[in-house]
2 protein chains.
Amino acid sequence: MLTGMSPQTSGDAGQLPSRRIADAVRELITSGELAPGDKLPSERELAHRFGTARNTAREAIRLLTEEALVTPHHGKGVFVREKQRLFRWGNDRYSRKTYRETGLTPFRLEMQRQGKAASIQAVAIDRVTPPLDVAERLNVSPDEESVLRRLNEYHADDEPVQLVTTYVRWSEAEGTPLAEPKTGPGGIYGRLEDKGHTLTTGRDEITARMPTHAEAQFLQTPSGVPVLDVLHTSFDQNGEPFEVSRFVHRADRSGLVYNFPIEN
Amino acid sequence: MLTGMSPQTSGDAGQLPSRRIADAVRELITSGELAPGDKLPSERELAHRFGTARNTAREAIRLLTEEALVTPHHGKGVFVREKQRLFRWGNDRYSRKTYRETGLTPFRLEMQRQGKAASIQAVAIDRVTPPLDVAERLNVSPDEESVLRRLNEYHADDEPVQLVTTYVRWSEAEGTPLAEPKTGPGGIYGRLEDKGHTLTTGRDEITARMPTHAEAQFLQTPSGVPVLDVLHTSFDQNGEPFEVSRFVHRADRSGLVYNFPIEN
DNA sequence: GCATACAAGTGGCTTAAACCAGTTGGTTGC
DNA sequence: GCAACCAACTGGTTTAAGCCACTTGTATGC
């Protein structure tokens, strides 16, 4: 087995030893000789085969981990990453039409499509001073406790999928079900509609970055996997922003889809 | 200087030495004591201050690099990353209205907005067998040389910004200016309109991932910086797809913005 | 004045050895 | 039969040392 992996094979090209090992293993993966789920030779075994120190084989594995090709499990070994089916979120996420037709929220709909059990856990509902970018978009003070924050964790079959933090103005949330765990029929948008805000247009601002420690812990991202950070702003019939949410997704499990008309 | 950085300071919490050093340095950065552009103490200096081996200080720096907080420069030192202003690309990217009003393509417009010189370099124009995802979206065979590929590199002030690969069906491109470096007035979309395809709707599918080696080389991404991968499909007045492009952006320099109406 | 050379700093990579911590499966003892 | 234990594997982290490559400023030689 693993006949392709020997120091002499293919273009060494005067590369660094760690690079050579990484290249050899990567080749085995892309060629299919090592399939997703397969276990790599142990660090000690790799080092011996290539005549290097264990640390050098370890560095090679670190390179592959950074490329998100493999993922190590303490005590068990290093394994070729499984290609996961993506969850897809798009600008139909807010469409009330979909909801009327299926009776499901966008998250539960996507989970059902993939045959997974959806569960949502409320982590915090509190009054806070908003982050700068949220304050700018909601037109509130970044120096006072001017917003209500609702932090939720979303799971698919108990596997963490996304972190969502929703912000609305405290002046509009105070004393309403918005500040309660149960927001009532139509959810948050239902209560905001009571306040005269009809969801009319949305804006999503998307960046990608490496997760913070806390995010990595919750999302269980293997190293080498970034997060998609979506800052959503909801505008009402008057073009006034009334709600901001931040979605943090595992990038290896989530994709975003936007369909839009193009003006001529 | 750097008074905050000593082994005893703050909650060590029985952490690993490398973690302790990373935490201490991160604290200096977030508190502002180390500003963007500042140089960190050298690896040897850090190791000495915390009473560890150089490799341990080095591991701490690796952790911070992975978080994209610092970036090392061979022979010079390790520096706190500058917060860069983002280039912003959105679904107005394809609007012909913007083009008519300014006479600028979306890329040149964004560069002008930031006072940078735009330059676009054609890397390849050739007939190829399409990647699977492109073949699916264009409804062509993934096993033949069924598409024309145009690969371009975009720079801002000679700094690499994005890689764009555009695919159109070979059957429609053959013998037309689409296969030439100069595509003529209105660009690619102009020629495709000649073929009866009026750009009517677009779809962007967005993922994030770590860059391949080749991408990292061109985009000069520091380690710990992912890329945004946008697969765009253009649909004509009949809802038929006629062009697919893949945009690869440095995530630390680019953001995406989508504005969309919400159906009630 | 100016170019060259060099020394001293920086990070980059590797070696070799040791110990820790999680996992697995077989052996032992009841 | 079964539970407890243990040995042998796995990766995780650190130490200590050496050499390489890149950068910078200074000293040297002309």
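Throughout, protein chains are lettered first and strands after them, A, B, ... in sequence-line order, and every chain is numbered starting at 1.
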From [atom1] of [X] over to [atom2] of [N], roughly how many Å is that when rounded to an integer?
X       : N      : atom1 : atom2 : value
A:Leu63 : C:dT14 : CG    : P     : 9 Å
A:Leu40 : D:dT10 : CG    : P     : 12 Å
B:His48 : C:dG9  : NE2   : P     : 14 Å
A:Ile21 : C:dC13 : CD1   : P     : 14 Å
B:Leu64 : C:dG11 : CG    : C1'   : 15 Å
B:Lys39 : D:dT23 : NZ    : C1'   : 12 Å
A:Glu43 : C:dT14 : CD    : P     : 14 Å
A:Arg54 : D:dT15 : CZ    : C1'   : 14 Å

*Test for a donor-acceptor pair under 3.5 Å between the base of C:dG11 and the side chain of B:His74, counting only N and O atoms.*
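Answer is yes: a donor-acceptor pair is held.
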
*Within 6.0 angstrom of A:His48 NE2, more than 12 heavy atoms from elsewhere*: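 For A:His48, atom NE2 is not crowded (no more than 12 foreign heavy atoms under 6.0 Å).
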
According to a strict under-4.0 Å criterion, is [X] in side-chain N/O contact with OP1 or OP2 of [N]?
X       : N      : answer
B:Ser42 : C:dT10 : yes
B:Thr52 : D:dT14 : no
A:Arg58 : D:dG12 : yes

*A:Lys76 vs A:Asn55, nearer the 5' end of DNA chain D by closest nucleotide*: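 So the residue in question is A:Lys76.
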
*Want to settle it: does A:Arg44 or A:Gly75 sit nearer the 5' end of DNA chain C, counting the closest nucleotide to each?*
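In this pair, the answer is A:Arg44.
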
*Run the numbers on B:Ile61 and B:Leu46 for side-chain contact (heavy atoms from CB on, under 4.5 Å), then give the verdict.*
CA-CA 10 Å; B:Ile61 287 175; B:Leu46 272 179; 4.1 Å; yes

*Compare the aromatic ring of B:His73 with the six-membered base ring of C:dG11 and state whether they stack according to the 5.5 Å and 30° rule.*
no

*Of the options A:Thr166, A:Thr129, A:Asp126, A:Thr165, which is the one that meets A:Arg149 in a side chain to side chain donor-acceptor pair (under 3.5 Å)?*
A:Asp126

*Is the shortest distance from a Lys or Arg side-chain nitrogen in A:Asp23 or A:Arg20 to a carboxylate oxygen in the other one below 4.0 Å?*
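Salt bridge: no.
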
*Centres of the A:Tyr154 and A:His249 rings: under 6.0 Å?*
no

